[in-house]
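Heads up, the thing below is written out as C-alpha cells.
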Number of protein chains: 2
Amino acid sequence: MKELLLTPESFHLDGRLWLQGPTDRFMGIGRLELLGHIAETGSISKAAQAMGMSYKKAWDLVSSMNAQVNTPLVSTQTGGSHGGGTVLTPAGRQVLEVFGAAQVRFQEFIRQETERLLG
Amino acid sequence: MKELLLTPESFHLDGRLWLQGPTDRFMGIGRLELLGHIAETGSISKAAQAMGMSYKKAWDLVSSMNAQVNTPLVSTQTGGSHGGGTVLTPAGRQVLEVFGAAQVRFQEFIRQETERLLG
DNA sequence: GAGCGTTATATTCAAGAAAATATAACGCTA
DNA sequence: TAGCGTTATATTTTCTTGAATATAACGCTC
C-alpha cells in the first residue's frame with residue numbers, strides 16, 4: 001500500500017462515530033454540531049440555517065434526541081417576545097462536552113491511522 | 001452522562017472507517033469483507049452469496065475498487081473448466097491485510113471509548 | 001456443438017431518505 | 001386584535017440506494 005497503491009493526494013481516511021439507541025441513532029457528528037449551534041444561537045431555526053439544514057430536519061433531530069432519554073437535552077419554548085427559542089439543558093451541555101471530546105479523540109485516531117496507511 | 005443519562009443496556013457506541021477516493025469510496029468494512037470472501041472462495045458469486053449480497057452488487061464493488069487504482073486488487077477470469085473465477089492479486093492481499101489491521105485497531109478504539117462514555 | 005458455471009452488463013422496480021411545501025399554534029408587543 | 005418570529009406537525013415530491021430481473025459472453029468438458 002505504502003509508496004505505491006494509494007497516494008495521499010488522491011485518497012484520504014475518513015470515518016464516523018456515533019451513539020446508537022435501541023431503535024434510532026442518538027448522537028452523531030451532525031446532531032452534535034446541531035446542539036452546538038443551538039447553544040450559540042438559542043434557536044432551532046437559526047441553528048438549522050447556520051448548518052444549511054431545513055428547519056424540519058433540525059426539529060426532527062432534536063425531537064429524536066429528546067425522545068430517547070428521560071432528561072431532555074434541549075428545552076424549547078413557543079411564543080413570547082422573540083417568538084420563542086431553544087436552549088440546551090445541563091444534560092445537553094454535558095453531552096455536547098463529553099461526546100465532543102470523544103469526537104476530538106476520534107479525529108486524532110484518524111490522523112494517526114492516516115499516517116500509518118498513507119503517510 | 002455517566003451513571004444516568006445513557007445506560008449500556010440501551011445505548012452502544014458504533015462507528016465506521018473507510019478510505020475515500022477522489023470520487024468514490026475505495027475501501028470500507030463491506031468491501032474488505034468482500035475481498036476476504038473472494039480470497040476464501042475464489043469467486044465473486046460465491047462471495048456474494050456468503051454475504052447475502054446480490055452478484056451484481058458484489059461485481060459493482062469489485063469494479064469500483066479495481067477502477068480506482070493502477071494495480072487491480074482482484075483478477076477475474078471468465079469461462080474455463082469451472083466457469084471462471086476471481087482471485088486476489090498481491091495488491092489485493094496487501095490491502096486486505098493492512099486495512100484489516102486498521103479495522104481491528106478501530107474496533108479497539110471503539111471499545112476504549114465505550115468504556116469511557118458508558119462503562 | 002450443447003451444457004455448465006462464472007463473469008459482465010443493462011434495465012426496471014421498490015424502498016427509504018431527504019427535501020420541499022404548507023399550515024397551525026404559541027405568547028409576547030404594539 | 002393584528003403582527004411577529006419561533007416551534008410544531010403533516011403532506012407531498014424528489015433523490016438515492018438497493019433489489020430484482022434479464023441477457024449475453026466466455027472457455028472449458030463431454
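Every chain is numbered from 1 and lettered A, B, ... according to where its sequence line falls, protein lines coming before strand lines.
Not a single side-chain contact (heavy atoms from CB on, under 4.5 Å) links Asn70(B) to another residue, sequence neighbours left out. Among residues two or more places apart in sequence or in another chain, the salt bridge (Lys or Arg N to Asp or Glu O under 4.0 Å) test is passed with Glu108(A) by Arg111(A). Partners of Gln103(A) according to the side chain to side chain donor-acceptor pair (under 3.5 Å) rule, which considers only residues two or more places apart in sequence or in another chain, do not exist here. The side-chain contact (heavy atoms from CB on, under 4.5 Å) test applied to Gln20(A) returns Trp18(A), Arg25(A), His12(B), not counting sequence neighbours. For the side chain to side chain donor-acceptor pair (under 3.5 Å) test, no residue two or more places apart in sequence or in another chain qualifies with Arg93(B). In this view, Ser64(A) and Arg31(A), Gln68(A) satisfy the side chain to side chain donor-acceptor pair (under 3.5 Å) rule, not counting sequence neighbours. By the side chain to side chain donor-acceptor pair (under 3.5 Å) test, Glu33(A) pairs with no residue at all, sequence neighbours left out.
Distance CG/Leu118(B) to OG/Ser10(B): 10.5 Å, rounded to 0.5 Å. Rounded to the nearest 0.5 Å, atoms CG (Leu117(B)) and CD1 (Ile110(B)) are 11.0 Å apart. To the nearest 0.5 Å, atom CG of residue Leu88(A) and atom CD1 of residue Ile38(A) are 6.5 Å apart.
Helix-axis bend for the helix from dG1(C)-dC30(D) to dA30(C)-dT1(D): the local axis fitted to the five terminal pairs at one end deviates from that at the other end by 20°, rounded to 10°.
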Return the polar atom pairs (N/O with N/O) between nucleotides 12-16 of chain D and the protein under 3.5 Å, or none.
none

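For the pair Arg25(A) CZ and dA18(C) C1', the computed distance is 15 Å after rounding to whole Å.
Pairs of residues two or more places apart, or lying in two chains, that qualify as side chain to side chain donor-acceptor pair (under 3.5 Å) and include a residue from residues 44-59 of chain B are Ser43(B)-Ser45(B), Lys56(B)-Asp60(B).
For the pair Ser81(B) and Gly83(A), both in contact range of DNA chain C, the more 5′-proximal nearest nucleotide belongs to Ser81(B).
Residues from residues 72-80 of chain B with heavy atoms under 4.0 angstrom of DNA chain D, sorted by number: Thr78(B), Gly79(B), Gly80(B). Residues of residues 30-61 of chain B that place a heavy atom closer than 4.0 Å to DNA chain D, in numerical order, are Lys56(B), Lys57(B).
Side-chain N or O atoms of Thr89(B) include one that pairs as donor or acceptor with a backbone N or O of Leu73(B) at under 3.5 Å.
Between dT7(D) and Thr86(A), a contact under 4.0 Å exists linking OP1 or OP2 to a side-chain N or O.
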Report the C-alpha separation of Phe99(A) and Leu35(A) in whole Å, then their side-chain angles, then the decisive distance to 0.1 Å, and conclude whether the side chain to side chain contact (heavy atoms under 4.5 Å, CB included) test is met. CA-CA 11 Å; Phe99(A) 190 73; Leu35(A) 289 186; over 6 Å; no
